[in-house]
Protein chains: 2
Amino acid sequence: MDMERSIAALNNPIRRKILEWLKDRANFPPALPEHADLEGVCVGYIQEKAQLSQSTVSNYMGLLKQAGFVTAERHGQWTFYRRNEDNIRAFVAAMRTELQHLP
Amino acid sequence: MDMERSIAALNNPIRRKILEWLKDRANFPPALPEHADLEGVCVGYIQEKAQLSQSTVSNYMGLLKQAGFVTAERHGQWTFYRRNEDNIRAFVAAMRTELQHLP
DNA sequence: TCCATATTTCGAGATTTTTCGATATTTAGG
DNA sequence: CCTAAATATCGAAAAATCTCGAAATATGGA
């Protein structure tokens with residue numbers, strides 16, 4: 001759990017938005033039929049919503065991945081990103097422990 | 001609750017350390033007798049622990065204050081900073097709500 | 001093999017953040 | 001009023017981040 005890297009990854013409103021969008025696949029266009037069974041969302045769909053250049057979004061996803069908030073899975077030409085709920089929970093817990101003055 | 005400003009304020013290891021130090025007055029030198037009844041810690045003591053220039057620490061405390069994590073109280077020449085536990089709790093809760101995928 | 005598509009990586013200019021020393025401000029005390 | 005002490009503010013250089021377009025890589029299909 002690298003707090004430094006995690007907080008840096010969250011220190012950007014679009015990156016935080018992406019994490020929120022990924023809570024629900026329905027926030028993105030329907031998957032292609034051949035991807036129907038796959039978890040996660042491909043970069044192109046995320047880019048479309050983020051309204052940023054493709055390379056910027058790829059960079060963003062790399063930062064979120066390094067921070068452990070998402071995992072990436074390649075399927076053919078596509079990379080599917082999805083939230084890593086365990087790591088996200090662990091980060092929230094760590095923040096709470098570090099910030100809050102617990103008795 | 002300005003998440004943008006709050007996260008930016010936390011996006012620095014020394015600023016986070018300062019918030020941790022402020023959990024316990026005992027992390028700093030004993031207060032002067034005439035300050036014995038006052039909550040909070042003066043900038044000089046924080047600077048001593050942070051090992052950064054006076055202006056940097058003053059700037060840091062300003063950022064933490066703007067984010068709502070601390071409050072400042074002037075007493076004579078001194079400014080005493082202390083944690084705002086309510087706001088810190090509120091921020092942790094907001095982070096949890098924003099990040100975690102709650103059912 | 002060649003091409004099209006999806007994504008990553010690279011290089012660079014623009015912007016923001018960091019951090020400092022110098023200066024200004026505030027207050028206490030003589 | 002004058003000085004000293006604590007803190008805040010200002011201005012600037014260095015470092016980091018943001019964001020893009022171009023180029024490189026990976027994959028699937030004709």
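Throughout, a chain's letter reflects where its sequence line sits, starting with A, and its residues are numbered from 1. Any value given below was found using the heavy atoms of this structure, including those in side chains, with hydrogens, waters and symmetry copies removed.
Side chains of S53(A) and T56(A): a donor on one and an acceptor on the other come within 3.5 Å.
The base of dG21(D) sits within donor-acceptor range of the side chain of S55(A), with an N or O pair under 3.5 Å. In terms of polar N and O atoms assigned as donor or acceptor, the side chain of Q54(B) never comes within less than 3.5 Å of the base of dA6(D) in a complementary pairing.
Taking 4.0 Å as the cut-off between side-chain N and carboxylate O, E85(B) and K23(B) do not count as a salt-bridged pair. One finds no salt bridge joining E20(B) and R15(B) here, because no Lys/Arg side-chain nitrogen approaches an Asp/Glu carboxylate oxygen to under 4.0 Å. For the pair R25(B) and E39(B), the salt-bridge criterion is not met [side-chain N within less than 4.0 Å of a carboxylate O].
Nucleotide dG29(D) holds its P atom 9 Å from the CD atom of E34(A), rounded to whole Å. Atom CD in Q66(B) sits about 10 Å away from atom P in dT9(D), given to the nearest Å. In this structure, CE of M61(B) is placed 14 Å from C1' of dA6(D), rounded to the nearest angstrom. Note: CZ (F80(A)) to P (dT7(C)) measures 8 Å, nearest angstrom. Rounded to whole angstrom, the span from the CZ atom of R5(B) across to the P atom of dT17(C) amounts to 11 Å. What separates CG of N12(A) from P of dT19(D) is a distance of 6 Å, to the nearest Å. Spacing between atom CG of N59(B) and atom P of dG21(C) amounts to 14 Å, rounded to whole angstrom units.
Considering only side-chain atoms of S58(A), the nucleotide from dT7(C), dA8(D), dT19(C) that sits closest is dT7(C). Side chain of Q77(A), nearest nucleotide from dG28(D), dG21(D), dA28(C): dG28(D). For W78(B), counting side-chain heavy atoms from C-beta on, the closest listed nucleotide (dA6(D), dC20(D), dT7(C)) is dA6(D).
In this structure, Y81(A) reaches the sugar-phosphate backbone alone: every heavy-atom distance under 4.0 Å involves primed, P, OP1 or OP2 atoms, never a base. Residue-level contact check: N11(B) touches the backbone only, with heavy atoms under 4.0 Å from sugar-phosphate atoms and none from bases.
Going from atom CG of N87(A) over to atom NZ of K65(A) covers 13.0 Å, rounded to the nearest 0.5 Å.
Across the interface with DNA chain D, nearest-nucleotide mapping of L52(A) and R74(A) shows L52(A) to be the residue nearer the 5′ end.
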